[in-house]
Protein chains: 2
Amino acid sequence: MSSTHTHSKKSQSLTKNQRIVLDLLQNSGEPLKAYFILDSLKKEGLNSPLQVYRALDKLVELGKIHKIESINSFIICNNSNCAKNTAFTICERCGKVKEIKNRDLTGGVSDLVKDNQLEITRYNLEFYVLCKSCKIN
Amino acid sequence: MSSTHTHSKKSQSLTKNQRIVLDLLQNSGEPLKAYFILDSLKKEGLNSPLQVYRALDKLVELGKIHKIESINSFIICNNSNCAKNTAFTICERCGKVKEIKNRDLTGGVSDLVKDNQLEITRYNLEFYVLCKSCKIN
DNA sequence: TCACATATGTAATAATATAACACTTAGAGG
DNA sequence: CCTCTAAGTGTTATATTATTACATATGTGA
Ligand SMILES: [Zn+2]
Ligand SMILES: [Zn+2]
Ligand SMILES: [Zn+2]
Ligand SMILES: [Zn+2]
């Protein structure tokens with residue numbers, strides 16, 4: 001602790017707004033919409049959309065959450081090392097979302113990339129499915 | 001013409017609004033935003049967002065155009081038999097969009113699906129890239 | 001002709017997201 | 001400790017994207 005090296009606070013330091021938004025997404029585990037987050041965190045002191053969007057932007061940038069583009073929603077990252085890549089299944093019927101494990105995906109995507117000679121900087125994959133419980137009913 | 005069989009008008013019959021929206025997207029070849037389409041077609045008689053969105057919805061349903069979710073834009077389908085599946089590359093830098101040929105993709109995606117034991121009803125794939133001209137500069 | 005499904009026109013409003021600006025805080029470095 | 005700077009905050013206003021509601025019209029098939 002008392003050594004001279006700077007120890008730069010870097011990664012662990014989320015701000016208050018970032019923290020409470022992250023906690024909400026963490027506790028929810030489901031995709032949430034920005035304005036729902038705003039409403040939920042009014043009591044924590046969030047008053048304007050911009051406060052929410054700024055926190056969300058930062059958390060996306062840090063790879064701690066993802067945006068699911070086709071439903072304008074945000075969800076906690078359930079993997080490690082996604083960077084800004086996203087891959088989800090979304091149930092057509094009930095809307096349930098699951099993040100695809102990136103170890104399951106890496107091979108498949110890189111084959112895709114190789115086959116198409118793409119130089120991909122990041123990707124966004126949304127697979128619409130019928131989830132188990134919806135398939136039964 | 002005068003025979004008794006119904007010859008059901010089915011596929012070729014787009015309505016006026018659907019036709020002019022499709023033509024615009026066809027002639028453009030680029031992704032266009034709904035309100036840009038509205039502005040462009042004011043002179044053709046389109047007056048309200050709803051007229052545009054209704055035409056777009058129908059054309060998406062018919063598979064003639066696609067929505068690119070992460071940029072809220074619509075583009076003419078450049079394949080056949082996409083159904084409602086979409087796969088695009090999007091340049092990070094200049095925004096240029098290209099549809100990935102589905103013959104290039106089918107294998108890769110079905111491997112992905114097999115590996116992940118998914119029962120996919122449709123997919124939405126967005127690959128961010130650096131396009132050739134952006135890579136040079 | 002009648003019924004029905006589909007499309008239209010129009011106004012209002014909802015939902016999602018950003019711009020602009022003044023101010024504050026936290027950390028780096030002297 | 002002081003000062004500089006980058007990042008974050010709070011707030012108001014506004015832009016962008018999309019849908020609801022409702023009355024009317026049009027085409028097709030029986
Ligand atoms: Zn993730
Ligand atoms: Zn389901
Ligand atoms: Zn297509
Ligand atoms: Zn480019």
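A note on names: the letters A, B, ... follow the listed sequences, proteins ahead of strands, and every chain is numbered from 1. A quick note: this is a predicted structure, and the numbers were derived from the prediction, not measured.
- A:Ser40 places a side-chain N or O within 3.5 Å of a backbone atom of A:Phe36 that can act as its donor or acceptor partner.
- Close to C:dT8, at under 4.0 Å from its OP1 or OP2, lies a side-chain N or O of B:Thr15.
- One can place NZ of A:Lys33 at 11 Å from C1' of D:dA18, the figure rounded to the nearest angstrom.
- Rounded to whole Å, atom P of C:dA17 lies 16 Å from atom CZ of A:Phe36.
- As a whole-Å value, the separation of A:Leu32 CG from C:dT16 C1' is 15 Å.
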Test side chain to side chain contact (heavy atoms under 4.5 Å, CB included) applied to A:Val60 and A:Phe74, step by step:
CA-CA 9 Å; A:Val60 166; A:Phe74 299 84; 4.3 Å; yes
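- Protein atom CG of A:Asp57 is 14 Å distant from nucleotide atom C1' of D:dT9, rounded to whole Å.
- A sub-4.0 Å separation between OP1 or OP2 of C:dT10 and a side-chain N or O of B:Asn47 is present.
- Heavy-atom distances to DNA chain D give each of A:Lys58 and A:Leu50 a nearest nucleotide, and the one nearer the 5′ end belongs to A:Lys58.
- Each of B:Asn72 and A:Gly45 was matched to the nucleotide of DNA chain D holding its nearest heavy atom; the match closer to the 5' end belongs to A:Gly45.
- Base engagement by A:Ser48 is indicated by at least one non-hydrogen atom pair under 4.0 Å involving a base atom.
- Between C:dG9 and B:Gln51, a contact under 4.0 Å exists linking OP1 or OP2 to a side-chain N or O.
- Bending across the helix from C:dT1-D:dA30 to C:dG30-D:dC1, expressed as the angle between its end axes from five pairs apiece, amounts to 40° (10° rounding).
- Comparing atom distances between the A:Lys67 side chain and each of D:dG10, C:dT10, C:dA17 picks out C:dA17 as nearest.
- With rounding to whole Å, B:Leu38 atom CG is found 15 Å from D:dT19 atom P.
- Rounded to whole angstrom, the span from the CD1 atom of B:Ile71 across to the C1' atom of D:dT16 amounts to 15 Å.
- Position along DNA chain C of the nearest nucleotide to A:Arg54 versus B:Lys16 favours B:Lys16 as the more 5'-ward residue.
- C:dT10 atom P lies 19 Å from atom OH of B:Tyr53, rounded to whole Å.
- Side chain to side chain, A:Glu126 and B:Asn124 meet the donor-acceptor criterion of an N or O pair below 3.5 Å.
- Put simply, the residue from B:Asn47, B:Asp23, B:Val52, B:Val21 that forms a side-chain contact (heavy atoms from CB on, under 4.5 Å) with B:Leu41 is B:Val21.
- Ion pairing between B:Arg122 and A:Glu92 holds under the 4.0 Å rule for side-chain N and carboxylate O.
- Using a 5.5 Å limit on the distance between ring centres and a 30° limit on the angle between planes, the aromatic ring of B:Tyr35 counts as stacked on the six-membered base ring of D:dT17.
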Criterion side chain to side chain donor-acceptor pair (under 3.5 Å) on B:Ser70 and B:Tyr128, from CA distance to verdict:
CA-CA 11 Å; B:Ser70 66; B:Tyr128 282 81; 2.5 Å; yes
Before giving the answer on side chain to side chain contact (heavy atoms under 4.5 Å, CB included), spell out for A:Ile75 and A:Ile65 the whole-Å C-alpha distance, their side-chain angles and the decisive distance to 0.1 Å.
CA-CA 6 Å; A:Ile75 192 169; A:Ile65 67 172; over 6 Å; no
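- Spacing between atom CD of B:Glu69 and atom C1' of C:dA15 amounts to 15 Å, rounded to whole angstrom units.
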